[in-house]
Structures are given as structure tokens and as C-alpha cells.
Amino acid sequence: MMVTGDLHIHTALSPCGADEMTPINIVNMAELLKAKVLAITDHNSSENIESVIRAAMEKNLLIIPGMEVTTKEEVHILCLFKDVNAIKDFQRIVDERLPDTANRPEVFGHQYIMDWRGRVLREKKLLLLNAVQLTLEKTVGLTKELGGICIPSHIDRPHYSLLNNLGFIPGDIEFAALEVSNRVDDVDSFVSKHEELKNYSIIQSTDAHCLKDMVYMKTRFVIKELTCEEIFMAIENQEGRRVVINQT
């Protein structure tokens, strides 16, 4: 079967995320769009994931636990996991390496931890936009140790991207795929201009920070059943599972 999804969605916990990005609003928008797969990937935090999973409990919607980590090199990378316990272990590592800088909501935005209905439980005090004291290589290694996979975010962008910050794709680091943003109109043409991309699966994500961003989902997953394992297999192009990008 082929299902629509997006592997880069922010909630109101991300300081750049709109307050409307509550767990229930995200799930309801996904249902309206007939999406079946969402990865919740707040900046350096996973503290709204369980609420989104709860909001999706009675829906035919797979929620993948994730996080968009800002590495020591100031590269954004999506770290995706198969279960909540794994990302909680990862969260403890990230928390130990997140700089002790207070958020300034009037500058960066609020960082709301919510219940599944969208009621604010508390506000995250540490600024989540800072780079974590983990190298790109170490971030990928730790994610893999916990059964997860890593995908460098929006490699086409001029800021916080692997291509622009490093200038190349490190061949000695195992990425499951590479992500391009919705700014790329022709993914095949973009890949053809960068020889080093041709050996990787490519996904295209919305990087949604508000509900209207979610409308532009272009990634389809060819899988046998709706599970994290199957989605990971599609991302890594294994056993007939694959990712298809709708460029129309």
C-alpha cells in the first residue's frame, strides 16, 4: 500500500512553532489531509510526543517519535525512533548537553508542553534552539544505538543544513536518507546537480510550524503495513519498500 506522510512536524513546544500546533490540532489536520504517518520533531525536545500519540489513539494515524537536533556543527538533523522509551533515553542525553540558556518568549516564542487536548501543562524554560554539545557523528551514533535512524534536515537551505554548513556529505556517517524542503520544486533536478546525493534516498518534508504548512505534504511511503518498522524500511529502500515524492 501507499500512504501519505510527513517526517518533520513541529508542535508549540518548538519556540518557532505556532501556538495553534497543539497535539489535537495536528492530528485533526492530518486526518483532514488523509495523511497516515507523522513524525513529531521538535527542536532538541520530545516532550509533546506522548500527547500527540494520545491524540491519535483512535485514529488510523502512525506517530513516529522524533526530534530535530541541532548538532555542535549547527546542523539540523532528524532523529527518528521506533518507540517512546527509546526517545526518552535519547532525551536524557540531549538534556545533559543542552546549554543552560533561558528562553526569552518575547524574542523566540513560547515553548509549551501540552496535554493531548492542547491545554498548557507548563512552559519549557531552557531555550531549545541552541546547538547541543554533540557532534553530528556522535548524534548519529547514539541514535543508531537506540534503534533509531537519522536524516539531515532541509539540505537545500542556506542555514542549519548539512550541505551549506559542512559543504559536503560525510561518507563515513550512516544517514538513512536526506531531506529536502518544500522549497525544492523539482527534486530530481536538485539531486542531479549534486553528485554526492545520488546514493541516498531522498524525502521531502513540510517542516510544518503552523497548520497551513501541513497542507503541502508530498512524500508517499510504499509499505506493507502501517508500522514504524515498515516506514524505516521504506526510508532505507529495503525489500521493496520505498519513498515516492509527488512532484505534481
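The analysis underlying the following values was restricted to heavy atoms, covering all of them including side chains, and did not include hydrogens, waters or symmetry mates.
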### Task
Determine whether more than 12 heavy atoms belonging to other residues, nucleotides or ligands lie under 6.0 Å from atom CD of E195.
no
### Query
Ignoring hydrogens and geometry, is there a side-chain-to-backbone donor-acceptor pair from E230 to K224 under 3.5 Å?
yes
### Message
Check whether N60 reaches the backbone of K36 with its side chain - one donor and one acceptor, N or O, closer than 3.5 Å.
### Response
no
### Message
Using side-chain heavy atoms (C-beta onward) and a distance below 4.5 Å, is F232 in contact with I64?
### Response
yes
#### Entry: Side chain N44, main chain T70, donor-acceptor under 3.5 Å
yes
### Query
Can you tell me if E31 uses its side chain to pair, donor with acceptor, with the backbone of K59 under 3.5 Å?
no
### Query
Is it true that a side-chain atom of T206 and a backbone atom of Y216 form a donor plus acceptor pair closer than 3.5 Å?
no
### Message
Check the orientation of Y160 and H76. Use parallel for under 30°, tilted for 30 to 60°, and perpendicular for over 60°.
### Response
parallel
### Query
Strictly by modelled atom types, are D207 and H10 linked by a side-chain donor-acceptor pair under 3.5 Å?
yes
### Query
Is it true that a side-chain atom of Q204 and a backbone atom of V184 form a donor plus acceptor pair closer than 3.5 Å?
yes
### Any donor-acceptor N or O pair under 3.5 Å, side chains D115, S51
no
### Message
Does any part of the side chain of V37, heavy atoms only, come nearer than 4.5 Å to the side chain of L7, both counted from C-beta?
### Response
yes
### Task
Search all heavy atoms of A12 against all heavy atoms of A18 and return the closest pair with its distance.
CB-O, 3.6 Å
### Summary
On a heavy-atom basis, the closest approach of T135 and T71 is C-CB, 4.2 Å
### Task
Ignoring hydrogens and angles, tell me if any N or O in the side chain of T4 forms a donor-acceptor pair with the backbone of R220 under 3.5 Å.
no
### Query
Do T139 and K72 have side chains that get closer than 4.5 Å, going by heavy atoms?
no
### Query
Could you walk me through whether Q111 and H43 pass the side chain to side chain donor-acceptor pair (under 3.5 Å) check?
CA-CA 10 Å; Q111 301 178 148; H43 290 291; over 6 Å; no
### Message
For the backbone of E20 and the side chain of N25, can you confirm whether one donor and one acceptor N or O come within less than 3.5 Å of each other?
### Response
yes
